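Owing to the predicted nature of the structure, the values given are computational and were not obtained by experimental measurement. By convention in this document, chain letters (A, B, ...) are assigned in the order of the sequence lines, proteins followed by strands, and residues within each chain are numbered from 1.
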Amino acid sequence: MEYDKTIDQKWQRYWQEHGTFTVDVKADAENKYYCLVMFPYPSSELHVGHARNYVIGDAVARYKKMQGFNVLSPMGWDAFGLPAENQAIKRKIHPKEWTVTNITRITAQLKSWGIGYDWSREVTTCMPDYYRWTQWLFLKLYDKGLAYKKEASVNWCPSCQTVLANEQVVSGECERCSTVVEQKKLKQWFFKITDYAEKLLDDLTLLNDWPQRVKTMQKNWIGKSQGVEIDFVIDGYNKKLKCFTTRVDTIFGATYLALSWDHSWVEELMDKAPNKKEITAFIEKIKNQPLSERLVDNFEKEGVFTHCYAVNPMNGTKIPIWLANYILAGYGTGAIMCVPAHDSRDYEFAKKYNLDIVEVIRKNEEPETGNNSNSVYEGTGTLINSKDYSGIDSQTAKERLAEYMESKGIGRRAVNYKLRDWLISRQRYWGAPIPMIYCERCGEVPVAYDDLPVYLPEDVEFVPTGQSPLTYVDDFLKVACPKCSQPAQRETDTMDTFVDSSWYYLRYISPKEETVPFVRADVNKWLPVDQYVGGVEHAILHLMYSRFINKFLRDQGLVSFSEPFKRLFTQGMIVKDGAKMSKSKGNVVAPDYILQKYGADTMRLYILFMGPPEKDAEWQDSGLQGCWRFLQRSLRLVDALLEHRGDADQEKQASLNQQEKSLLKKVHSTIKDISADLDGNFQFNTAISRIMELVNQAYKSLNDGYIRKDVLAQTVDVLFRLLAPFTPHLSEEVNSILGNSGTIFKRSWPQSDEKYLKEESVEIAILVNGKVKAKMVIDVSLSQEAVKTKALSVDKIQNIIRDSVPKKVIYIDKKIVNIVA
RNA sequence: GCCGGAGUGGUGGAAUUGGCAGACGCGCUGGACUCAAAAUCCAGUCUUCGCAAGAAGGUGAGGGUUCAAGUCCCUCCUCCGGCACCA
């Protein structure tokens, strides 16, 4: 049998016509398996790097289907977003047109690779029937006070001409275009994800089947820290400064306070400050400093003295209050107590400005060292110079001090998070309009649910001005206030596209529903997603936003599960010439020529065989060639079977020869091992190598002598069923050639038969005085004695071992020896 | 700086989690077929010594535990990823 391109098309057509991958959510809910691949942003054509994602997802889906699950594997489009708009500006094509063209092209690609989706569930986030429900979600959040507008210092990308969420700023640069991000004070919409910080953190422990790496990243991003918020009375003011610290045990070493430039009290203190000019200049300097400058390694600490003092509540000492550039504006209270002896940053600052350094913690191992205040010790230990608390260890002191402060009302236990609220406004056109209206009389008024969707107007000038292009569309902008019917204006910003993608996995269950975003009963049956597959670049962004939205919907009683994705798999990149594939580098491997020359199955097989799927892998055309060779070899086994002469019935009378036995053993051990590879962590590479071994052995057996027809038939049949998740077209073709009707995916996954796997060897442990001294495997055929007898002499054992296992393990004490089978 | 992950042939990578290191693929070498090439098939391919059977060494470096270590423990080196003034 020869491979021929028409095989691909033949079976792709078959799957489509027979609805092989179409799911009825009501009828198929029992024994369901929801396999989801992160939906793509439809920009240009897909290359083999993208293909890896879909091929992995498809292999899982097809494997599960063969195992008898009702597999839902849907596809859709994350279709709003900046690239479409940027293309529109550059080429004068409407974003919608550009997007739809790309979707058509990519759909054809996915189909040509034989990815088995239920296309009847396709969702497209830029279509009104979808974004209507994204707006609905916004209103739901608004109703609960979780969507709010506030003025804040926000990240602004001057190139994209829009604000960005914290999560979209990477090392001070725009995640998308790598432009240095600026800080601007703007009034923007936020989602209150911080309300869910604790839940998002706690429930990470439920995600046993997520990569540890992703969970750690989320944990760090949420950044919970526990400590104490201490009130410092300001000398001469009727005012307290709240400072958060995780090291309350160092309170007696606090020798100054430091405030961030935008602390609320700064304005008041300026009235009296003798060095007002100096302070103003200092604040201006920090304010205008680009974020990127702050992120360099040795960012110079600077500050200015306010000429005010605070009182340390524990010892009454007056300590100076400074403004300092290293105090983060958005974290904690924006004011901290500084302990130079035990914090390297405070130490650096104190040295520079000649502030007191008082050691209050001593490392436990070193009892007395003469030199103090010349170095920083940031660890815990025993308190010194701390009045009544001296001699106590850090941990105990933390608790006692917190208790004391709470009882005196001068401090309280507190928790802080690094996580900030999710900024969702974007000053761009190609996104879901935020469904809000501003009325001079009534203020901020949400659009009524019944008035959704707020349609995105299509006739728009795209040129970015820093204002949303919608600002200039009168038909859109001007609207009657829903409350008082007076002229009012719509919100012109659109939503971050991560809002669209934070709930799409729910819409797949009810994609055509016109009255609700999803049917609750069906969603509760089909979710959580059993297997989610995607790139690790979404470890924080998409995956945390989705978890947040899911938890919100759960709290509203709209879904019943608290985590949307039960298992997560993050695949690595495919690189070429050591670099990520990109058009600008000119190292893109386009799938088209591969399909032409080798067909879809060869490409799929190679992508899965390249290496562990979670790791990056280097594309090698020669490796692809190897997979092609392997498939050709496999197909020649089919020929060998078809040409095989010999009467199967007659053959069955005779007993199997050694080769046939060994081949059948290989067939069944392969089934067993591959199932383990796939049930575990998707070790497609080793699964495929096992199939190659099977083919090699089958060849050897054929070359060496006669193989019974039924044995060969079983080998070939199992071989192509095992290959089916990887090479579905060829497996279908072979399946039909072997006389089976219908699709191979309605047949079951092969089961290994234990009778062929019976071990001919036995593992024994050698005990000396009851202690395991050695374990080894002995070939039973060589020494039946080993199993029959419970105890053997040392000599005998050594003989058996010499005959059957390598010398290396012959270390036995000349004592009593037992054999445990 | 902190937190993760990883270091195995010429190369991508295996090793039932402590049990014959290098499976499988690529590449390379030799042979068969061919006027020749491609394709295909067969054999070989960690290093050293040996015609061979075989012997010895070998998983970033050094030490340790164990009958047995790529795998576990300690010290160090290198690379990759994430976070990065989070008080």
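Using N1 to N3 plus N6-O4 or O6-N4 for Watson-Crick, or N1-O2 and O6-N3 for G-U wobble, each under 3.5 Å, U40(B) pairs with A32(B). Pair assignment for A15(B) gives none, since no Watson-Crick or G-U wobble pairing has each distance under 3.5 Å.
Of the candidates C83(B), A14(B), U40(B), the closest approach to any side-chain atom of Asn685(A) belongs to A14(B). Here A43(B) is the nucleotide among G25(B), A43(B), C41(B) with the atom lying nearest to any side-chain atom of Lys700(A). For Thr216(A), counting side-chain heavy atoms from C-beta on, the closest listed nucleotide (C42(B), A14(B), C3(B)) is C3(B).
Using a 4.0 Å heavy-atom cutoff across all strands shown, Gly626(A) reaches sugar-phosphate atoms only and no base atom. Looking at heavy-atom distances under 4.0 Å, Asn696(A) makes contact with sugar-phosphate atoms alone, never a base. In this structure, Glu693(A) reaches the sugar-phosphate backbone alone: every heavy-atom distance under 4.0 Å involves primed, P, OP1 or OP2 atoms, never a base. Residue-level contact check: Asn703(A) touches the backbone only, with heavy atoms under 4.0 Å from sugar-phosphate atoms and none from bases.
In this structure G10(B) sits in the anti conformation; its chi angle is more than 90° from 0. Syn is the glycosidic conformation of U17(B), whose angle stays within 90° of 0.
At a threshold of 4.0 Å, the pair Asp231(A)-Arg412(A) counts as salt-bridged, since one of the basic side-chain nitrogens sits closer than that to a carboxylate oxygen. In this structure, Glu693(A) pairs ionically with Lys666(A), as a charged nitrogen and a carboxylate oxygen lie closer than 4.0 Å.
Both the sub-6.0 Å distance and the 45° axial angle are satisfied by Lys301(A) relative to the ring of Tyr326(A).
Between G9(B) and C26(B), the distance separating the two C1' atoms is 13 Å to the nearest Å.
Side-chain atoms of Arg52(A) do not come within 3.5 Å of backbone N or O of Leu608(A) as any donor-acceptor pair.
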